[in-house]
Protein chains: 2
Amino acid sequence: MNLPPLIQSFVLHFGEMGSRWGINRTVGQIYALLYVSPEPLCADEIVEALGISRSNVSMSLRELQAWNLVLLRHLPDDRRDFFTTPDDVWQILRTLAEERKKREVDPTLSVLREILMQQPGSEKERYAQQRMAQMHGLIEQLTNWYDDVKRLETERLANLLSLGSKISRLLETKDRIVSLGRRSKAKASGSQPADIPPGDGEPDGGAAR
Amino acid sequence: MNLPPLIQSFVLHFGEMGSRWGINRTVGQIYALLYVSPEPLCADEIVEALGISRSNVSMSLRELQAWNLVLLRHLPDDRRDFFTTPDDVWQILRTLAEERKKREVDPTLSVLREILMQQPGSEKERYAQQRMAQMHGLIEQLTNWYDDVKRLETERLANLLSLGSKISRLLETKDRIVSLGRRSKAKASGSQPADIPPGDGEPDGGAAR
DNA sequence: CGATAATTTCAGAAATTTCTGAAATTAATA
DNA sequence: TATTAATTTCAGAAATTTCTGAAATTATCG
């Protein structure tokens, strides 16, 4: 590997983190390299920079494309493929979130749905199903939130982030005030999508530490 | 493996997903099993249920403890350890978020900080550093938001989720109205309702491109 | 203390993942 | 169509991770 020290640290770190992020070392390194390169790179430049085999680069670029994390570029009168990452880090974040959801969440959601359709054959199964319903409900709330928020343009999204929990406090206050003239316990906000499966009553009081 | 079919599907799925989630098959299976078990289980019961070696169970439980994902329980006059998961799925979510942040985000944040301290030795390094600064800024915004939001109690957190992006739209509207009497282009977050302190500065305008 | 039970450790076996080099494929050019 | 360049595929080598069984450790009890 032959890179300026500062860039090398970054590339090596991404390589090491790769496995924790569900990609492998080479994929991590290539991504890091493309991310900090001012110009798009072709496969052979990557081979050169990272000191790995041509075929490994090919497969890893393919993987990065499957993740939608790289862009393909072409130069006039040159038929090689050149690769970059999007410039906008917020765009990168969106892609990452989308792809991780697709790989790490959606399959579980669909397995849960399937299992929850079935008739429990015993008391143990009935209990298990109720636990799965709780998990399903939580995941659905999270993904609904995500589906809603992901459509925001960057500036609004950044605003939302910088507000953080402050909104919640605001809401509580508003709710408390509104409820003075209505009921006594506030239940904040409409949009509860209707298809949360039954059965997941209260999260058993036992908050367990 | 000898489990009711419905529970077996769930356990096997968690095993398969394990590698995508940064844990391994056994760890995933054990977690799933504990999660749907009404009573805490001891190591030998897990061995029995999943058909894996005692030592593997021991190591995997250790791993789950390192993740803070299981609770230790004891029965009177029995010196075996029994294991469960917390009842409250929101609590589980918090733990998961915290641990994944610790493993997947914090190390990168600290490497970025270190690299950004250094003096670039070339134009390429200067550019790379600027890219890393963008990444660092984004991660910092996200973790600040997370640090803020994670302290919310469950009910408020759920409220926040169910609101989703609506707040943002609300804010924009409010801002637009407020700005009528001030400047012409709304920059959101300029003025907040009474008890909302001024947020972190600008979201780093430099969205690249 | 010695006996027994529960658990952990760890070297190496087994399984899985990653990586390479050689061959095959694709596509542009003469 | 043959030639050359760019890229991909894939069998097996190399590296890494996971898992096991045997031995070691820890803790409790008589």
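In the text below, chain A, chain B and the rest are named by the order of the sequence lines, each starting its count at 1.
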Check: residues 46-57 of chain B side-chain donor-acceptor pairs under 3.5 Å, at least two apart:
| from | atom 1 | to | atom 2 | distance (Å) |
| --- | --- | --- | --- | --- |
| B:Ser53 | OG | B:Ser55 | OG | 3.3 |
| B:Ser53 | OG | B:Asn56 | N | 3.1 |
| B:Asn56 | OD1 | B:Ser60 | OG | 3.4 |
| B:Asn56 | ND2 | B:Thr26 | OG1 | 3.1 |

Under the salt bridge (Lys or Arg N to Asp or Glu O under 4.0 Å) test, which residues partner [X], sequence neighbours left out?
{"X": "A:Asp147", "answer": "A:Lys150"}
{"X": "A:Asp77", "answer": "none"}
{"X": "B:Asp81", "answer": "none"}

Heavy atom of [range] under 4.0 Å from DNA chain D: which residues?
{"range": "residues 77-84 of chain A", "value": "A:Arg79, A:Arg80, A:Asp81"}
{"range": "residues 18-33 of chain B", "value": "B:Asn24, B:Arg25, B:Thr26"}
{"range": "residues 41-70 of chain B", "value": "B:Ile52, B:Ser53, B:Ser55, B:Asn56, B:Met59"}

Exercise. May I have all residue pairs that pass salt bridge (charged side-chain N to carboxylate O under 4.0 Å, His left out) and include part of residues 114-126 of chain A, sequence neighbours excluded?
Key: A:Glu123-A:Arg126

Quiz prompt | Test log, rule salt bridge (charged side-chain N to carboxylate O under 4.0 Å, His left out), inputs A:Glu104 and B:Arg100 | solution = CA-CA 13 Å; A:Glu104 301 181 9; B:Arg100 287 191 82 155; 3.1 Å; yes

Self-check item: Point-to-point distance, once rounded to the nearest 0.5 Å, from CD of A:Gln129 to OG of A:Ser122
Solution: 9.5 Å

Practice problem: Go through DNA chain D in 5' to 3' direction and return only the first and the last nucleotide with some atom under 4.0 Å of chain B's heavy atoms. | Solution: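 Reading along DNA chain D, I get D:dT18 to D:dT28.
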
Determine all donor-acceptor pairs shorter than 3.5 Å in which one atom belongs to a side chain in residues 61-73 of chain A; sequence neighbours excluded.
| from | atom 1 | to | atom 2 | distance (Å) |
| --- | --- | --- | --- | --- |
| A:Glu63 | OE2 | A:Trp67 | NE1 | 3.4 |
| A:Asn68 | ND2 | A:Glu99 | OE2 | 3.1 |

Quiz prompt | Qualifying ring pair (Phe, Tyr, Trp, His ring centres under 6.0 Å) pairs with a residue from residues 8-32 of chain B, counting only residues at least two apart or across chains | solution = B:Phe10-B:Phe14, B:Phe14-B:Trp21

Quiz item: Does one side chain, of B:Arg94 or B:Thr154, offer a donor that lies under 3.5 Å from an acceptor on the other?
Solution: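 Yes, a side-chain donor-acceptor pair sits under 3.5 Å.
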
Quiz item: Is there a donor-acceptor contact under 3.5 Å linking the side chains of B:Tyr146 and B:Glu98?
Solution: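 B:Tyr146 vs B:Glu98: donor-acceptor pair found between side chains.
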
Quiz item: Taking only residues two or more places apart in sequence or in another chain, which ones pass side-chain contact (heavy atoms from CB on, under 4.5 Å) with B:Asp78?
Solution: B:Leu75, B:Arg80, B:Phe82

